[in-house]
Number of protein chains: 2
Amino acid sequence: MSDTVPIAPKPDEIAPRRAGDKVLDAAETLFYAQGIRAVGVEEIVNVAGVGKPSLYRAFGSKDDLIVAVLQRQEGGFWSRLDEAVAAYPGDPRAALTAYFHGAAERSKQPGYRGCAHSNAAVEYPEESAVRVEALGFKRRQRERLTDMAAAMGADDPQALADELLLILEGIYVTRQVHGPDGPAQRAGEAAEALIARRLGG
Amino acid sequence: MSDTVPIAPKPDEIAPRRAGDKVLDAAETLFYAQGIRAVGVEEIVNVAGVGKPSLYRAFGSKDDLIVAVLQRQEGGFWSRLDEAVAAYPGDPRAALTAYFHGAAERSKQPGYRGCAHSNAAVEYPEESAVRVEALGFKRRQRERLTDMAAAMGADDPQALADELLLILEGIYVTRQVHGPDGPAQRAGEAAEALIARRLGG
DNA sequence: CAAACAACGTACCGATCGGTTACATGACCC
DNA sequence: GGGTCATGTAACCGATCGGTACGTTGTTTG
């Protein structure tokens with residue numbers, strides 16, 4: 001994830017989840033919707049329907065909980081990217097193009113608030129475990145895009161990847177400040193143009 | 001401003017500034033460097049070297065102070081944009097290109113942390129005076145870019161402006177998550193490419 | 001059946017949050 | 001000198017912050 005709105009925690013009647021899982025669900029939803037610093041642990045445990053010690057038994061501290069939420073959300077990003085890649089076997093250019101069109105589309109959904117990791121980095125500008133986790137994902141994201149640019153046959157994979165990253169982060173933030181009908185809707189086309197310029201076609 | 005690092009409050013020995021001005025200076029520096037929610041009023045008045053009542057006499061509340069800081073910072077953005085426009089009279093395309101190259105260059109300076117208004121919108125996702133102020137600037141920014149795109153002779157000024165906004169917000173955020181040698185350095189070239197695609201040349 | 005253990009919630013902790021009050025001080029102006 | 005205005009000091013407010021001591025419950029295990 002890291003750029004989709006968390007699905008509402010499902011009722012735990014079918015699979016009686018542990019208190020820690022409920023905390024993680026609640027924290028993910030609340031952090032994404034309201035921002036990390038704006039959400040207190042009290043509110044998290046209330047929404048999760050558990051006691052405060054359950055949070056601290058499972059995660060040790062609010063910071064550790066934040067990191068755990070970010071780690072879970074990172075998986076979502078890779079899932080969606082891998083999905084696009086799998087949809088166009090042997091054609092990383094088509095995969096990446098599809099991914100950007102999909103990202104623009106996803107940004108229209110209500111409650112969308114961009115990339116949780118980027119938001120976290122903005123909320124935690126000073127050195128901290130949260131920032132380390134957020135920046136770590138961003139580095140892996142950049143590496144992966146660079147690899148894909150190389151696989152596309154770009155002369156300068158890093159340059160192409162970085163140009164696409166500008167668009168990607170642009171989606172995340174413009175959606176938040178300009179709404180669902182803002183610049184983010186041009187992202188697919190813009191990404192295609194930047195790819196075409198460095199690859200031809 | 002809104003994307004340059006605040007200059008350190010100058011010593012008030014020459015022009016004995018009012019307490020409210022010192023508060024505004026300190027708040028601008030602290031908010032930009034550490035984030036808004038991370039800074040308490042106590043720290044602000046300490047750095048400003050004034051008493052807490054001075055803050056509340058001048059601004060009424062922390063929220064009002066935040067709004068005042070954002071309003072001051074907005075002026076900086078218009079100054080820099082107007083400067084680029086003035087440097088290329090009658091050539092909005094050259095002006096905008098220069099602006100993007102300049103923005104990429106500025107993003108390298110230490111302490112750069114992107115656009116204060118975008119950051120504020122991330123920190124305040126729920127309706128509030130702060131968010132209203134931040135989003136108001138972002139709307140004016142988009143309108144101005146659209147006007148310039150129209151002046152360039154773009155067939156679809158809104159489309160070009162929005163593509164450039166993706167790059168612009170991309171600069172702001174990628175600098176924060178990827179550092180001064182990250183994707184932001186490709187912004188000038190990317191902006192030129194997107195402009196050329198819609199204008200020819 | 002009972003001891004042991006894991007999981008959990010109630011109630012509380014000190015610290016800090018944004019904001020306020022009362023008052024002393026000093027510069028300026030007539 | 002007396003008044004006004006802007007300021008700083010310091011103590012304080014209720015609310016909320018992240019975090020914990022401790023007792024209760026429910027299940028397992030002998």
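We name chains A, B, ... by the order of the sequence lines, and we start the count at 1 in each one. What you are looking at is a predicted structure, and each value in this text was computed from that prediction instead of being measured.
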Rounded to the Å, how far apart are A/Lys62 NZ and C/dA15 P? 20 Å
B/Ser54 side-chain N/O to D/dG8 phosphate OP1/OP2 under 4.0 Å: yes
Looking at the base of D/dG19, is there any donor atom on it, or on the side chain of A/Arg57, that sits under 3.5 Å from an acceptor on the other one? no
B/Glu43 CD to C/dA15 C1', straight-line distance once rounded to whole Å: 16 Å
Show your working on side-chain hydrogen bond (donor to acceptor under 3.5 Å, both in side chains) between B/Gln141 and B/Glu74 and close with a plain yes or no. CA-CA 10 Å; B/Gln141 193 180 38; B/Glu74 175 169 353; over 6 Å; no
How about B/Glu192 and B/His101: does a side-chain donor come under 3.5 Å of a side-chain acceptor? yes
D/dG18 P sits how many Å from A/Arg37 CZ, rounded? 10 Å
Look only at the side chain of B/Asn119 and the backbone of B/Arg113, and say whether a donor-acceptor pair between them is shorter than 3.5 Å. yes
Mapping A/Gly60 and B/Pro53 to their closest nucleotides on DNA chain D, which lands nearer the 5' end? B/Pro53
For the pair made of CZ in B/Arg18 and P in D/dG8, what is the distance, rounded to whole Å? 12 Å
Starting at atom CG of B/Asp21, determine the distance to atom P of D/dG8, rounded to an integer number of angstrom. 12 Å
May I ask you to evaluate whether B/Tyr56 reaches the phosphate of C/dG19, defined as a side-chain N or O under 4.0 Å from OP1 or OP2? yes
When rounded to the nearest 0.5 Å, the distance separating NE2 of B/His117 from OH of B/Tyr172 is 10.0 Å
Determine whether any donor atom in the side chain of A/Lys52 lies under 3.5 Å from an acceptor atom in the base of C/dG9, or the reverse, and answer yes or no. no
Quick one: label B/Gly20 by what it contacts on the DNA or RNA (base, sugar-phosphate, nothing), any heavy atom closer than 4.0 Å. nothing
What is the separation between atom CG on A/Leu65 and atom P on D/dG18, rounded to the nearest whole Å? 10 Å
Side chain B/His178, main chain A/Lys138, donor-acceptor under 3.5 Å: yes
Nearest-Å distance, CD (A/Glu42) to P (C/dG9)? 13 Å
By the 4.0 Å heavy-atom rule, please label B/Val45 as base, sugar-phosphate, or nothing. nothing
Between C1' on C/dG18 and CG on B/Leu55, what's the gap in Å once rounded to a whole number? 10 Å
